[in-house]
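Basis for what follows: all heavy atoms, side chains included, without hydrogens, waters or symmetry-related copies. This chain uses plain numbering: 1 for the first residue, then up along the sequence. Each ligand, and each atom within it, is numbered from 1 in the order the structure gives.
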Amino acid sequence: MNFLALPKIELHCHLDGSLRAETIIDIAQKEEIQLPSFDKDELQKELIAPLECESLDEYLKRFALPNLVMQSKENLRRITFELFEDATRENVKYLEVRFAPLLHTLQGLGVEEVIQSVIEGMRDAESRYEIKGNIILSCMRTMSAESAFEVVEKGKKFLGNGVVAIDLCASEEESFCKKFVDPIALAKKYGYRVTIHAGETGIGKNVLEAVEMLGAERIGHGVFIKDCAEAYKIVKERQVVLEMCPTSNVQTKAVHNYSEHPIYKFHKDGIKVTFNTDNRTVSDTTMAKEIHLVNNEFNLSEEDYRQIYLNSVEASFADQETKEWCLAQY
Ligand SMILES: [Zn+2]
């Protein structure tokens with residue numbers, strides 16, 4: 001299969017993990033921001049998490065640098081546009097981008113301004129290219145429940161107008177769901193769809209709790225349902241969709257290598273899986289690369305790919321018209 005040419009849907013991509021190194025250098029030069037290096041190759045070494053990270057927390061350290069240049073409306077708009085532009089080059093038809101608005105308020109931007117700027121960047125790309133998108137607002141699990149309420153409240157006015165869902169991300173602790181029951185329930189009440197990062201770092205039970213306590217419709221990663229029978233059962237029975245990101249999982253040591261990744265086994269067992277990059281820059285990857293790597297290990301058939309594409313369209317938080325457009329692209 002020619003993976004580059006195949007139409008693609010991506011549901012799990014972090015904006016701050018997917019910046020072009022050239023853009024970081026360009027903005028830093030204009031705004032006199034200190035970088036460890038202004039040489040693209042050298043800077044890339046700082047941005048890309050090695051395949052041999054110790055843990056998710058080590059992987060997450062790579063996000064400090066991009067966030068330095070993501071503190072103005074203009075930059076957020078540009079960075080979002082460029083991510084969509086990069087996605088079109090490998091035939092991504094629909095992209096759900098996620099970011100934590102509170103990380104971009106360090107130089108005075110309001111949460112609404114941050115969200116508005118990202119929506120504008122996405123609209124710029126939609127009007128120029130054959131791609132459509134939506135935005136997922138991430139709340140940092142490392143922050144308070146109040147901070148999650150703030151994101152839910154301030155993002156509300158953009159619902160149905162670029163914003164579709166809420167997410168919890170960052171470092172994963174056991175039983176993190178409890179703390180966020182109220183803000184996620186409020187988000188649901190407002191009409192946000194719900195996807196939660198869970199089961200990324202060894203704790204399959206978090207997936208069970210994300211589904212039962214938070215009403216997660218999709219799970220970011222979910223690798224460790226493999227070791228938790230109850231979580232596996234609920235994901236399979238309720239057809240909760242897993243947003244899987246193989247390279248990221250190798251980097252964070254969720255799995256030791258690609259052959260150990262459960263994506264294909266899950267798929268064959270009737271669990272709904274999807275392909276995603278997680279972070280194009282930090283994981284030094286693309287959708288085509290992720291599909292290629294999985295194919296290398298498991299020899300995907302065209303039917304496997306088609307099924308995963310259909311899963312992705314169906315599981316997207318897009319409206320019916322957009323879903324039909326995505327189906328027509330295949
Ligand atoms: Zn993620």
Side-chain angles (χ1 to χ4, degrees), residues 9-19 47-49 51 53 55-64 66-67 70 79-80 83 87 92 95-104 118 133-143 148 151 164-173 176-177 180 184 193-204 206-207 210 214 216-225 235 240-255 261-263 273-287 289-290 294 312 315-317:
I9 306 288
E10 182 166 19
L11 305 178
H12 190 126
C13 180
H14 295 263
L15 184 63
D16 57 352
S18 303
L19 277 72
L47 293 168
I48 298 169
L51 275 176
C53 273
S55 65
L56 175 62
D57 289 336
E58 192 191 334
Y59 180 86
L60 293 173
K61 283 184 192 152
R62 308 282 155 167
F63 292 82
N67 274 314
M70 298 178 77
I79 287 161
T80 308
L83 168 57
V92 172
L95 173 61
E96 283 178 8
V97 177
R98 62 185 74 197
F99 63 98
L102 294 175
L103 296 181
H104 309 296
V118 172
N134 272 309
I135 282 160
I136 298 170
L137 301 179
S138 294
C139 305
M140 306 290 286
R141 286 190 283 233
T142 43
M143 293 183 183
V151 174
V164 285
I166 201 89
D167 165 46
L168 291 175
C169 71
S171 193
E172 182 178 354
E173 284 178 12
F176 70 86
C177 293
F180 296 98
I184 299 297
R193 309 292 297 274
V194 179
T195 177
I196 304 287
H197 280 73
E200 186 182 2
T201 55
I203 313 160
N206 280 345
V207 176
L214 305 178
E217 302 167 73
R218 299 190 333 221
I219 293 290
H221 304 285
V223 171
F224 282 90
I225 63 167
V235 165
V240 175
V241 172
L242 302 183
E243 306 156 357
M244 306 212 87
C245 314
T247 296
S248 171
N249 297 149
V250 174
Q251 289 171 308
T252 63
K253 290 288 165 291
V255 295
H261 201 283
I263 186 167
V273 301
T274 60
F275 289 116
N276 305 275
T277 63
D278 206 10
N279 296 286
R280 286 160 179 264
T281 306
V282 175
S283 286
D284 189 24
T285 195
T286 60
M287 283 291 287
K289 196 166 159 187
E290 292 301 301
V294 171
S312 307
S316 77
F317 296 140

How about E290 and T247: does a side-chain donor come under 3.5 Å of a side-chain acceptor? yes
In short, E10 meets D278 closest at the heavy-atom pair OE2-N, 3.9 Å
What lies under 2.8 Å from the Zn ion (ligand 1), restricted to protein N/O/S atoms, is H12 NE2, H14 NE2, H197 NE2, D278 OD1
Note: A170 and L60 closest approach over all heavy atoms is C-CD1, 3.9 Å
- Task: Flag this pair as yes if the NZ/CZ of R193 is under 6.0 angstrom from the six-membered ring centre of F317 and inside a 45 degree cone about the axis; otherwise no.
- Result: no
Closest non-hydrogen contact found for E243 with G220 is OE1-CA, 3.4 Å
Task: Donor + acceptor pair across side chains of D57, S171 (<3.5 Å) - done: yes
